[in-house]
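What follows is a set of notes on a single structure, which appears directly below.
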Amino acid sequence: MRQRATILSNREIAKATMEMKVRIGDATIAPGTFFHVKTSELLRRPLSVANVEADVVTFLYKVVGTGTAELATRRAGDELDVLGPLGNGFPLAKDGKRVVLVGGGIGVPPLYYTRRMLAARGIETVAILGFDSEASVFYEDEFRELGETIITTVDGTYGEMGFVTGPLARIDADVLFSCGPEPMLKAVAASHINERYISIENRMGCGIGACFACVCKAPDGYVKVCSDGPVFRAEEVTL
Amino acid sequence: MRLHIELPGLSLKNPIMPASGCFGFGEEFAKLYDLSILGGIMIKAATGEARFGNETPRVAETAQGMLNAIGLQNPGVDAIVEAKLAFLAKFDTEIIANVAGSTPEEYIHVAREMSADPCVKALELNISCPNVKCGGMQFGTDPLMAAELTRLVKAASTKPVYVKLSPNVTSITEMARAVEAAGADGITMINTLVGMRIDITTGQPILANRIGGLSGPAIKPVAIRMVYEVAQAVNIPIIGMGGVRTVDDVLEFIYAGASAVAVGTANFENPYVCQEIIEALPGRLDELGIDHILDVRGKAYEQVVSRA
């Protein structure tokens, strides 16, 4: 489960947003799962899987603190200590259904790999990706190759002005897969789509379910984001 | 046998055990390695009833450390005995059950239930959790209250009782002497140091509980100093902890006077850390010319005397 991956590339693709590709040993990686990545800091950083091509995993991460800032300085050829894949991802067996993918900011990455896997099963998808501003937009072309893609920006500098909930209101789909900031997840969890799955983020300790740092309230108690999730049915958690 | 250690109630194949609260009830780590390699396991604290714990965020990183405010989340003593201990019974390792509560009555209830289980070899009396409103650390910062609770739990328990000391006191030796006099079979130390971090973008503490317990390498020098002082003040054994992440950290605690060592926060950084330390110990003892690991127990203060 713990391995030393080799970094193949690490580059900035949007404002404070990095794309890192690493070569990883044998692993079956489900979309929506994550790796717990060692940085110069004490605790690992959970990074969602943005893509998998053969033994190459892509991480897209935002530089927000000292750990991710240090990660951004790594170069091709460097080793990366990773633990994973961890957690439970999005359920792909949605044949015959239409899936809407709703991502916000750095919640967009896991939806790319998820969309590729859905496309491989012949499942029709539409994506709504929300960013704060034009400079923050990433992976638009990659998403467009896989189907209809709607971009929103809060300041209106690119795509539709406003939040993802605007376009979502006019979408006809059976299933919703979403990842992004909590206010957005709250909104999409309450949307008109029948079957709703959301991926939750929280500060983690161990990443494997032992420390109880990343719990989230649930109708019948609590769930651990790292090991019970990070993907949950909207009804399973109380945001 | 150079790593084997006998302590009250505990026959440890090596001095390494995960610290309470950093290893759950072992289930997650059992998927990574065989728990039978461990000297022991200090399981997550049990209270009388199930507790949800504190709001999130519950962790915040600091320089070489972390703050946590989990708040003793656990499923309650009955559920732990039924499900968790039954799982742990499969492994050849010594189980130390961490006992917590809000009132003396709750501590007594949990101690009685836990010590009655054949899987549990000793209790760790938690009078040092900084993250709960009632009980916890308030019992661990007043020597009279600590002694009284130790007496009550000793009377309720059929197994040896180790008292986990809080470092958030003026005199750690006074606390240690008080619990020794009250009948403690051993001491585990140290629990976390109370701390806080503030998010300067909001101006508010990062932790939802506002304060939390500092652990990790940052606290190791404090722990070493306290073990060093307590080892000279009492005649009961000490299980040392606080910032252990390497085999040399383990030896530092033994030199300071500990008889065994618990590994806490390092399990989050590297879930295989206990296994790696256990594997590295014999080679390191060879390099240092040490036969049995406890040959150097307390040498830090003994050598001060011989140098004089």
Side-chain angles (χ1 to χ4, degrees), chain A residues 1-4 35-46 64-71 79-88 182 185 200-230 237-239, chain B residues 18-33 43-45 50-75 199 201 206-208 212 214-218 243 245 264-273 275-276:
Chain A
M1 178 175 292
R2 180 188 183 207
Q3 45 185 314
R4 298 202 178 275
F35 281 83
H36 220 20
V37 176
K38 183 84 186 90
T39 71
S40 56
E41 298 299 295
L42 184 72
L43 296 175
R44 288 169 181 266
R45 297 294 185 271
V64 289
T66 48
T68 42
E70 188 269 329
L71 211 55
E79 282 198 334
L80 190 69
D81 175 346
V82 301
L83 194 66
L86 300 172
N88 301 294
E182 193 172 305
L185 291 181
I200 297 178
E201 188 179 45
N202 203 335
R203 279 173 186 264
M204 290 183 187
C206 68
I208 60 173
C211 78
F212 291 79
C214 66
V215 296
C216 176
K217 282 194 178 134
D220 54 351
Y222 69 91
V223 289
K224 293 185 269 192
V225 172
C226 67
S227 57
D228 296 326
V237 290
T238 312
L239 290 178
Chain B
S20 181
C22 300
F23 207 73
F25 299 95
E27 293 148 307
E28 294 80 14
F29 290 85
K31 294 174 193 159
L32 305 181
Y33 62 86
I43 59 174
K44 189 163 171 53
R51 286 200 193 184
F52 175 74
N54 295 320
E55 298 294 318
T56 60
R58 292 176 168 187
V59 291
E61 218 163 10
T62 67
Q64 287 292 301
M66 67 173 264
L67 290 166
N68 89 81
I70 307 296
L72 296 181
Q73 179 165 6
N74 79 97
D199 179 343
T201 63
I206 292 176
L207 296 172
L214 180 65
S215 65
R245 76 205 299 208
T265 303
N267 288 292
F268 302 163
E269 181 187 4
N270 171 14
Y272 299 91
V273 66
Q275 181 182 33
E276 290 173 9

Heavy-atom contact with chain A under 4.5 Å, split by part of B:Y272: side chain

Whatever's closer than 4.5 Å to a heavy atom in chain A on B:E55 counts as side chain

Report which part of B:I206 has an atom under 4.5 Å of a heavy atom belonging to chain A: side chain, backbone, both, or neither. side chain

Okay, B:F23 and chain A: the region with an atom under 4.5 Å from a heavy atom over there is backbone

For B:K31, is it the side chain, the backbone, both, or neither that has a heavy atom closer than 4.5 Å to a heavy atom of chain A? neither

Roughly how far apart are B:Q73 CD and A:Y222 OH, rounded to 0.5 Å? 4.5 Å

Working to the nearest 0.5 angstrom, can you tell me the gap between A:R44 CZ and B:N270 CG? 6.5 Å

I need the A:T39 OG1 to B:E269 CD distance, nearest 0.5 Å. 9.5 Å

Can you give me the closest heavy-atom contact between B:I70 and A:F212, atom names plus distance? CD1-O, 3.6 Å

Most heavy-atom pairs under 4.5 Å with chain B, out of A:D81, A:L83, A:V215, A:N202, belong to A:V215

Using a 6.0 Å cut-off, check whether atom CD of B:E28 has over 12 heavy atoms from anything other than its own residue. yes

Electrostatic pair B:E276:A:R2 at N-O distance under 4.0 angstrom: yes

With chain B as the partner, which of A:G221, A:A210, A:G67 has the greatest number of non-hydrogen pairs under 4.5 Å? A:A210

In short, B:V59 meets A:A213 closest at the heavy-atom pair CG1-CB, 3.5 Å

Rounding to 0.5 Å, atoms CG (A:L42) and CD (B:E61) come to a distance of 6.0 Å

Side chains of A:R203 and B:R58: does their closest heavy-atom pair fall under 4.5 Å? no

